[in-house]
Amino acid sequence: MLHLLEPSRSSATQQRAGTRSVINVAGRVAIGGRSIAIIAGPCSVEGRDMLLDSARAVRDAGAVMLRGGAYKPRTSPYSFRGLGEEALDILADAREATGLPVVTEILDPRQLERIESVADVLQVGARNMQNFALLSEVGKSRKPVLLKRGLSATMDELLLAAEYVLAAGNPNVILCERGIRTFETATRNTLDVAAVPVLKSRTHLPVIVDPSHAGGHWELVEPLALAAIAAGADGLIVEVHPNPSGALSDGEQSLTPARFARLVERCGAVATAIGRQVAVPKSGAAATASVVRAPNGAKSAVKSGAKSGVRLGAKAGVIGAAPASVVRDASRSVEEPWPA
Ligand code: PEP
Ligand code: MN
C-alpha cells in the first residue's frame with residue numbers, strides 16, 4: 001500500500017491512464033467520470049413537506065442526488081441540531097418519491113447501521129474529518145463516503161483521513177473541498193480552488209466542491225460553483241431551500257430552487273467548455289444502493305499507478321450548454337474516467 005508519507009514518490013506514478021476511481025452510487029450516479037454530478041438539497045431536513053418539495057425541485061432543476069442533514073454538527077449546542085430519526089424516515093420517503101439517492105451526515109459511529117439503512121452516501125463532515133473512530137467505522141460500510149475537508153486541514157491530512165476509510169476496507173471515498181479557515185472574514189470560509197487540481201493529481205479518488213459552506217452567502221454560490229467546475233471538480237454539493245429566509249440552518253447560503261436551476265444551467269456551459277457535461281437525473285425509482293469494489297481493491301487513496309476504481313456499466317444523460325432539463329445524451333458513457 002502506498003502512503004502519503006512520501007507524497008512526491010507516490011505522485012510520480014499518478015499520471016498513468018486509467019487510474020481514476022469512478023464511484024457508483026446506488027447504480028444511478030457515477031462520480032469521478034466525465035459527467036459532473038450535482039448534489040443538492042437543504043442543509044437540514046426540517047420536515048416532510050419541505051424536504052419533499054426540496055427534493056422534487058432539485059431533481060427537476062438537474063440534481064442527481066439529494067442532500068439533507070438529519071444530525072447536524074452545530075457550533076452551539078442550542079442551535080437546531082436536526083430531527084434525527086424522524087429526518088431519516090423523511091429522507092427515505094424523499095428517495096422513494098423522487099428516485100434520487102440520498103447523502104446525509106453521520107456524526108457518531110453508533111449511528112452507522114441506522115443511517116446506512118437510508119443513505120446511499122455517508123457524509124463525514126468537516127468537523128469530523130479527523131474523527132478516526134468514525135472514519136474506521138464508515139470504512140466498514142459498503143456505502144460510499146463523502147469526506148469533507150476539515151476547517152483547518154491540509155490536503156495531506158484530508159488524504160490521510162481518506163486513507164483511514166480505505167484502510168478499513170471501503171475504497172469508495174469522495175473528497176470534498178468546502179472552504180478552509182483563513183484570515184479572510186468577507187466569506188464564511190476561503191474556497192481553496194487549487195485543492196481540486198492538486199488533490200486530483202495526488203489521488204485517484206473523485207473530488208467535489210461545496211460552494212455553499214465555502215462562500216457562506218447565496219450570491220457567492222454560483223460563481224464559486226463555476227470556478228470549481230472550471231478547476232476540474234467531479235461534482236458539487238449545494239444547499240437549496242424552498243424558503244431560505246425561514247431556514248433553520250444555513251438559510252443565508254441557501255439557493256432558492258429557481259436560483260439553483262440557473263446554477264445548473266450555467267455549470268452545464270462551463271462543463272461543455274472543458275469537454276465535460278453535467279449529469280442529469282435518471283428517471284424511475286432509485287435502485288438499492290450497490291457498491292462494486294475496485295478491481296484492485298483500491299488499497300490506497302493515493303494513486304498507485306495500477307488500475308483502480310469502480311467502473312459503471314450504465315449510461316448516463318448529460319447536460320450541455322443548453323437548458324439543463326432538456327439536453328440528454330445517453331450516448332456518452334460515464335464509464336470513462338476523466339481525465340484518464
Ligand atoms: C453540511 O454539509 O451541512 C455541513 C455541516 O458541512 P461542513 O461539514 O462542510 O461544515
Ligand atoms: Mn449547512
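Read the numbers this way: they start at 1 and go in the same order the structure lists the ligands and their atoms. Everything numeric here is computed off the predicted structure, so don't read it as measured data.
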Considering heavy atoms of the protein only, find what lies nearest to [atom] and give residue, atom and distance to 0.1 Å.
| atom | value |
| --- | --- |
| atom 6 (O) of ligand 1 | Lys148 NZ, 2.9 Å |
| atom 9 (O) of ligand 1 | Arg178 NE, 2.7 Å |
| atom 4 (C) of ligand 1 | His213 NE2, 3.5 Å |

Enumerated ligand 1 atoms positioned under 4.0 Å from heavy atoms of [X]:
| X | answer |
| --- | --- |
| Glu239 | 3 (O) |
| Gly125 | 8 (O) |
| Ala126 | 7 (P), 8 (O), 9 (O) |
| Arg127 | 7 (P), 8 (O), 10 (O) |

(request) Evaluate the side chain to side chain donor-acceptor pair (under 3.5 Å) criterion for residues Asp250 and His213: first the C-alpha distance (whole Å), next the side-chain angles of each, then the deciding distance (0.1 Å), finally the verdict. (result) CA-CA 8 Å; Asp250 285 349; His213 290 86; 3.0 Å; yes
(request) Specify which N/O/S atom of Asp250 comes nearest to the Mn ion (ligand 2), by atom name. (result)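 When I compare the N, O and S atoms of Asp250, OD2 is nearest to the Mn ion (ligand 2).
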(message) With carbon and hydrogen excluded and only N/O/S kept, which atom of Glu239 is nearest the Mn ion (ligand 2)?
(response)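 In Glu239, the N, O or S atom with the shortest distance to the Mn ion (ligand 2) is OE2.
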(message) Let's go through Asp192 and Thr190 carefully: what are the C-alpha distance in whole Å and the side-chain angles of both, what is the deciding distance for side chain to side chain donor-acceptor pair (under 3.5 Å) to 0.1 Å, and is it a yes or a no?
(response) CA-CA 6 Å; Asp192 184 4; Thr190 298; over 6 Å; no
(request) Salt-bridge test for Glu222 and Arg259: reply yes if a basic N is under 4.0 Å from a carboxylate O, no otherwise. (result)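 Looking at Glu222 and Arg259, the cut-off is not met.
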(message) Regarding Asp234 and Arg276, does a basic nitrogen lie under 4.0 Å from an acidic carboxylate oxygen?
(response)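 Answer for the salt bridge query: yes.
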(request) Check whether any N or O atom of Glu105, backbone or side chain, sits under 3.5 Å from an N or O atom of ligand 1, and answer yes or no. (result)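 Min N/O separation from ligand 1 is not below 3.5 Å for Glu105.
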(message) I'd like to check whether Arg67 has a polar contact with ligand 1, where a contact means an N/O of the residue lying under 3.5 Å from an N/O of the ligand.
(response)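 Yes, at least one N or O pair falls under 3.5 Å.
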(message) Nearest 0.5 Å, please: how far is CG in Asp108 from CG in Leu134?
(response)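 It comes to 7.5 Å.
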(message) Taking atom CD as the centre, does Glu184 end up with more than 12 heavy-atom neighbours from other residues, nucleotides or ligands that are less than 6.0 angstrom away?
(response)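 Enclosed: over 12 neighbouring heavy atoms sit under 6.0 Å from CD of Glu184.
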(message) Tell me whether Arg28 contacts the main-chain N or O of Gly99 through its side chain, where contact means a donor paired with an acceptor under 3.5 Å.
(response)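 Yes, the answer is positive, given that a donor and an acceptor are paired below the 3.5 Å cut-off.
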(message) Checking His204 against Ser21 for the side chain to side chain donor-acceptor pair (under 3.5 Å) test, could you report, in this order, the C-alpha distance in whole Å, the side-chain angles of both residues, the deciding distance, and whether it holds?
(response) CA-CA 5 Å; His204 54 85; Ser21 285; 2.8 Å; yes
(request) May I ask whether Arg149 places a heavy atom under 4.0 Å from ligand 1? (result)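 No, that is not the case, since the closest heavy atom of the residue is not under 4.0 Å from the ligand.
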